[in-house]
Amino acid sequence: MRFERRLLVRERGAGVLEKLWQIPWIFVLLLCALAAVGYVALYSAGGGSPDPYAGRHAIRFGFGLVVMLSIALVDIRLVARLSWLGYAVGVGLLVLVALHGNVGKGAQRWIDLGPLQIQPSELMKILLVLALASWFHRASWERIGNPLFLIPPLVAVLIPAALIFKQPNLGNALITLMVAGAVFFAAGVRLWKFALVLGGVALAAPIAYEQLHDYQRARITTFLDPESDPLGAGYNIIQSKIALGSGGLWGKGFLQGTQGHLNFLPEKQTDFIYTMIAEEFGLVGALAVLALLAGVILFAFLVALRSGHQFGRLVAVGLGTNYFLYVFVNVAMVTGAIPVGGVPLPLISHGGSAMLTAMVGFGLLLSVHVHRDAELGAPRDPG
Amino acid sequence: MSRRQREEQRVRGIFTRRALVLGAGQLGLLGFLAHRLHTLQIDQGERYATLAEENRVSARLLAPPRGRVLDREGRVVAGNQLNWRVLLVAEQTADVGATLETFSKLVSLTEQERARIERDVRRRRRFVPVIVREFLSWEEMARIELNAPDLPGILIDVGTTRIYPEGEHLAHVVGYVAPPAERDMDGDPLLELPGIRVGRAGVERHHDLALRGRAGAVRLEVNAVGRVIRELDRREGVQGQDVQISIDAELQKSLRGRIEEGTSVVLMDARNGEVLAMATQPSFDPNIFNSGVSAQQWRQWTANRATPLINKPTNGLYAPGSTFKMVMMLAALEARVVTPGERIFCPGYMDLGDARFHCWHRPGHGHVDLRQSLKVSCDVYYYEVAKRLGMDRIAAMSRRLGLGVPLEIELPGTRAGLVPSREWRQAQGRPWALGDTVVHGIGQGFYQLTPLSLATMTARLATGRAVQPHLTRAIGGRPVRGTRPEDWPSLGIPEPHLRLVREAMWAVVNEQGGTARLSRLPAELGGIQMAGKTGTTQVRRISREQRERGFRVDQLPREWRPHALFVAYAPHENPVFAVSVVVEHGTSGSAAAAPLARDVLAEAFQRLRPLHVPPARVAEAAPPARELRR
């Protein structure tokens, strides 16, 4: 029975119902749990009201869920075939943003599509993962070892990374590079090449620092010594740490977070939502949420290991790493472990673009899982 | 297995290993985050909880109203005046400029004021009130209230300022308040409040702690921009206690109207040392200190040779002259160097070695006994007594009577004065000569005594008790110790000695030939008699040459004329009042000081009739407040 169904999927493509059956609903449940956490936290951030954050969050998640499940049903072979087209569209959007994007917080990052605002740099990471995965799909060990084979994907990475850096959005540019790095690494690129690149980065870092915008430099210096400017750039980090630390083991209680409710905590509904949770629900709540987030990442890796084709494996690892980087950067940022970078916590933070991009990513992840045993020829090497 | 499949297996194997490495790495990083959370929330949790609390809670002090100072009749001599202020809250008006424009049509604002207000508005957060104008009159208030709808952002608020209704009449006694200086900071958080005042002089300073009260506090929850969200808790302060002083403000005012520049009058309740009036001229208006003294005003005060800032009754220093002779009598009787009946011959002078000491009465008094010596104020008698006593015994008796020793009066800065001793003179590198003793026997020489100490001496002579001059009757409604005569210990001077002195003082005023015969109390008082003693103290030495030319003191320029003194108590039979009068350059005690003392006592008897009966029994009704007078 099971065998037959798999054959069905492999040979002819399966019906919608069959595919839905394949979706691991425990994962969907996990996402719902995270969205619920987000709802609770945003309810608190809204001063104990679904307005203005929590209600919209729920609606967006519902919409995102539909998007995710729809994408899950899309045949992975179609995805693989369209991956470079998607990449081109993504770069196009980045260019568009650079030319016409809304200026938010001094950076051109958003594209306004009427009711929906899209941050192309978020979408780009997913599209880049797809493009890279299809590049490395079915590449032999020898081929991957050939430096010339690595030049096109490197260029494919550097173009969007440079565009994002120019927005300017240093954090996202770095995350883009790291996501791509994870795909390169998992694909089997030789380790000495990574060593070479890291060494080069270490040498180039001082030069790059010169290129940074003042606010980006301020973030780095503030990170190194937050108390140097307690009312200026260091204020966010200090207040976030106070909020977190004062939460203690069990937290101050739902709606009782003084730092959040008295507005000491900046941007509590977006970047600092995790702080809000940690203040009101303590270490216990913070770790529980962290465990849920880790579950999402773990699922991505399980999908990767389970996938029958290299494209799916690389997509899953890339998307998992992408989500991991959101989580890590955000939590490390609010705990003062790395410089503040304006990275949201998808599914929990308020913000439509981040939510939608995350759900698109999860949809692709599910698609990989649903089509884990599909026969997938290499686009350039149809076999 | 095809080559392609082998190849795929190989790549998959590498992928699996590397995916596991990636996964493990990510898991490790998440573990690091968990550790970081643990560090912040558990290890450093308390520290951050404190910081969060400090963020959240803003403690503010509540200033209690300062206690009032009341006179003995309950009249307010230092009170709090409501200070109506207009405040502007920028966030409550759309246009600060327009509001101020409308406001200035009702109450004119100068350019500087407007500039100051606009600067304050810019500097403060928009919900913090800015003072537009203080000390508004009722009419101005009414105009503003009436137009309130056109004045968005304008608030009317009331604070308090210190006011001294008697102005300069009680300035030296009540003192004044001023903003605290660095040295006033005694750890009381109240002193850090803006607008707070501390007592700087007089009773305001002496009783500052009681008058000040204790600060209340309110803990407020504030948000990140400092706006108050709610009140967490409130601890009411302790209101400053009212202090009742023994001065009668009306009498004080009236006495000041009687006297000239440089004159001091101290009127005491002889039985318990309460100071009923302490008047001098000139004085100053203590209300000026409230809003700050201008440099010009200060120069004017300090340049004035009549020293308006100095309270002459407690800080003016004078030789006692013949008013000292009672001290001599008591010392002589105690030392048994004379008997009351012993007669000493006065030829008008006494020779001692080369020096000749004159009696004020050049022809001499002939044979005088103790009583007669005081009545006619025979100097030669006291030269002789001084010679017999020696300075040590004279000084000892004067200290017992309150001369040259610190007194307990609640006026900071009061001078103790000086009764010279041999040691004191020797410390100056000069030997004490017998001639010095003789001169000091008639109250001349190096004495530096305050009018207050002379009044104290008189009260002690009248009662035989070591009364201390004081001003405090009650603090916070509770009487202090010292209102009853029994509160004061006996001087230990035998009553017969005191009676001899009092009889002689009575004779000074009431007998034919007494030096103050013309200053008997008026008959309207129903035959109350006073007993007193005149004194005249030279300001400059009179040379033999001058004497031989037949010099007259009233021909001297005013500032060279002798000071006129008079001390007295009344009624003679049952003393109630003691008074001392010092008229600077008044020329003659009997002509200038005694009549003034008579008028003071006459007025005291009319105004302070209740004092004829023993002081109210309140002292027994309530336990005395703990020693707060010091």
Task: Heavy-atom closest pair, residues B/Ile14 and A/Gly188 - done: CG2-CA, 4.0 Å
Open item on the list: With a 3.5 Å distance limit and no angle check, can you tell me whether A/Arg138 reaches the backbone of B/Glu8 through a side-chain donor-acceptor pair?
Closed with: no
Task: A/Leu302 portion near chain B, given a 4.5 angstrom heavy-atom threshold - done: neither
Open item on the list: Just verifying a value: how many Å separate B/Glu46 CD and A/Ser246 OG, rounded to the nearest 0.5 Å?
Closed with: 12.0 Å
Task: Partner of B/Leu40 by side-chain contact (heavy atoms from CB on, under 4.5 Å), out of A/Thr335, A/Leu283, A/Ile242, A/Val334 - done: A/Thr335
Open item on the list: Just verifying a value: how many Å separate A/Phe264 CZ and B/Leu51 CG, rounded to the nearest 0.5 Å?
Closed with: 11.5 Å
Task: Closest-packed option against chain B by number of heavy-atom pairs under 4.5 Å, given A/Leu191, A/Ile144, A/Leu265 - done: A/Leu191
TODO: State the CZ-OG distance between B/Arg12 and A/Ser307, to the nearest 0.5 angstrom.
DONE: 7.0 Å
Task: Nearest heavy atoms of A/Ala187 and B/Val11, plus distance in Å - done: O-CG1, 4.4 Å
Task: A/Lys241 side chain near B/Arg47 side chain, heavy-atom distance below 4.5 Å - done: no
Task: Side chain / backbone / both / neither for A/Phe185 at chain B, heavy atoms under 4.5 Å - done: both
Open item on the list: Shorter than 4.5 Å, heavy atoms on both sides: which option in A/Leu293, A/Asn263, A/Leu305 has the most such pairs with chain B?
Closed with: A/Leu305
Task: Choice from B/Gln44, B/Arg18, B/Arg10, B/Glu53 maximising heavy atom contacts with chain A below 4.5 Å - done: B/Arg18
Task: Which atom of B/Ile42 lies closest to which atom of A/Gly248, heavy atoms considered - done: CD1-C, 4.2 Å
Open item on the list: Counting C-beta onward and ignoring hydrogens, is there a side-chain heavy-atom pair between A/Gln259 and B/Arg56 closer than 4.5 Å?
Closed with: no
Task: Between CZ on residue A/Phe324 and CG on residue B/Leu29, distance to nearest 0.5 Å - done: 4.0 Å
Open item on the list: So, taking the atom named CG in A/Leu287 and the one named NE2 in B/His38, what distance separates them when rounded to the nearest 0.5 Å?
Closed with: 8.5 Å
TODO: Check whether A/Leu325 gets within reach of chain B through its side chain, its backbone, both or neither, counting any heavy atom under 4.5 Å.
DONE: neither
Open item on the list: side-chain contact (heavy atoms from CB on, under 4.5 Å) for B/Asn55 and A/Leu262? Distances and angles first, verdict last.
Closed with: CA-CA 9 Å; B/Asn55 265 347; A/Leu262 297 173; over 6 Å; no
- [ ] Heavy-atom distances under 4.5 Å only: say whether A/Thr321 touches chain B with side chain, backbone, both or neither.
- [x] both
Task: Residue part contacting chain B, namely of A/Leu249, when any heavy atom lies under 4.5 Å - done: both
TODO: Please check if atom CH2 in A/Trp250 has more than 12 non-hydrogen atoms from other residues, nucleotides or ligands closer than 6.0 Å.
DONE: no
Open item on the list: Please give me the minimum heavy-atom distance between A/Ala286 and B/Leu37, naming the atom from each residue.
Closed with: CB-CD1, 4.0 Å
Open item on the list: Can you confirm whether more than 12 heavy atoms, excluding those of B/Glu111, are under 6.0 Å from its CD atom?
Closed with: no
Open item on the list: Under 4.5 Å from any heavy atom of chain B, what part of A/Val317 do you find: side chain, backbone, both or neither?
Closed with: side chain
Open item on the list: So which residue, A/Gly247, A/Gly251, A/Ala278, ends up with the most heavy-atom pairs under 4.5 Å with chain B?
Closed with: A/Ala278
Task: Most contacts with chain B, counted as non-hydrogen pairs under 4.5 angstrom, among A/Ala243, A/Gly320, A/Gly282 - done: A/Gly282
Open item on the list: If you define the side chain from C-beta out and look only at heavy atoms, does anything of B/Leu30 sit under 4.5 Å from A/Ile297?
Closed with: yes
Open item on the list: For a side-chain contact (heavy atoms from CB on, under 4.5 Å) check, start with the C-alpha distance between A/Gln310 and B/Phe15, then their side-chain angles and the critical distance, and finish with the verdict.
Closed with: CA-CA 8 Å; A/Gln310 184 75 346; B/Phe15 172 84; 4.2 Å; yes
Task: Residue, of B/Arg17, B/Arg36, B/Glu7, that accumulates the most heavy atom pairs under 4.5 Å with chain A - done: B/Arg36
- [ ] Answer yes or no: is there a side-chain heavy-atom contact under 4.5 Å between B/Gln26 and A/Val327?
- [x] no
TODO: Determine the minimum heavy-atom distance between A/Phe301 and B/Ala19, stating which atoms define it.
DONE: CE2-O, 3.3 Å
Task: Neighbour count >12 (heavy atoms, 6.0 Å) for atom CZ, B/Arg114 - done: yes
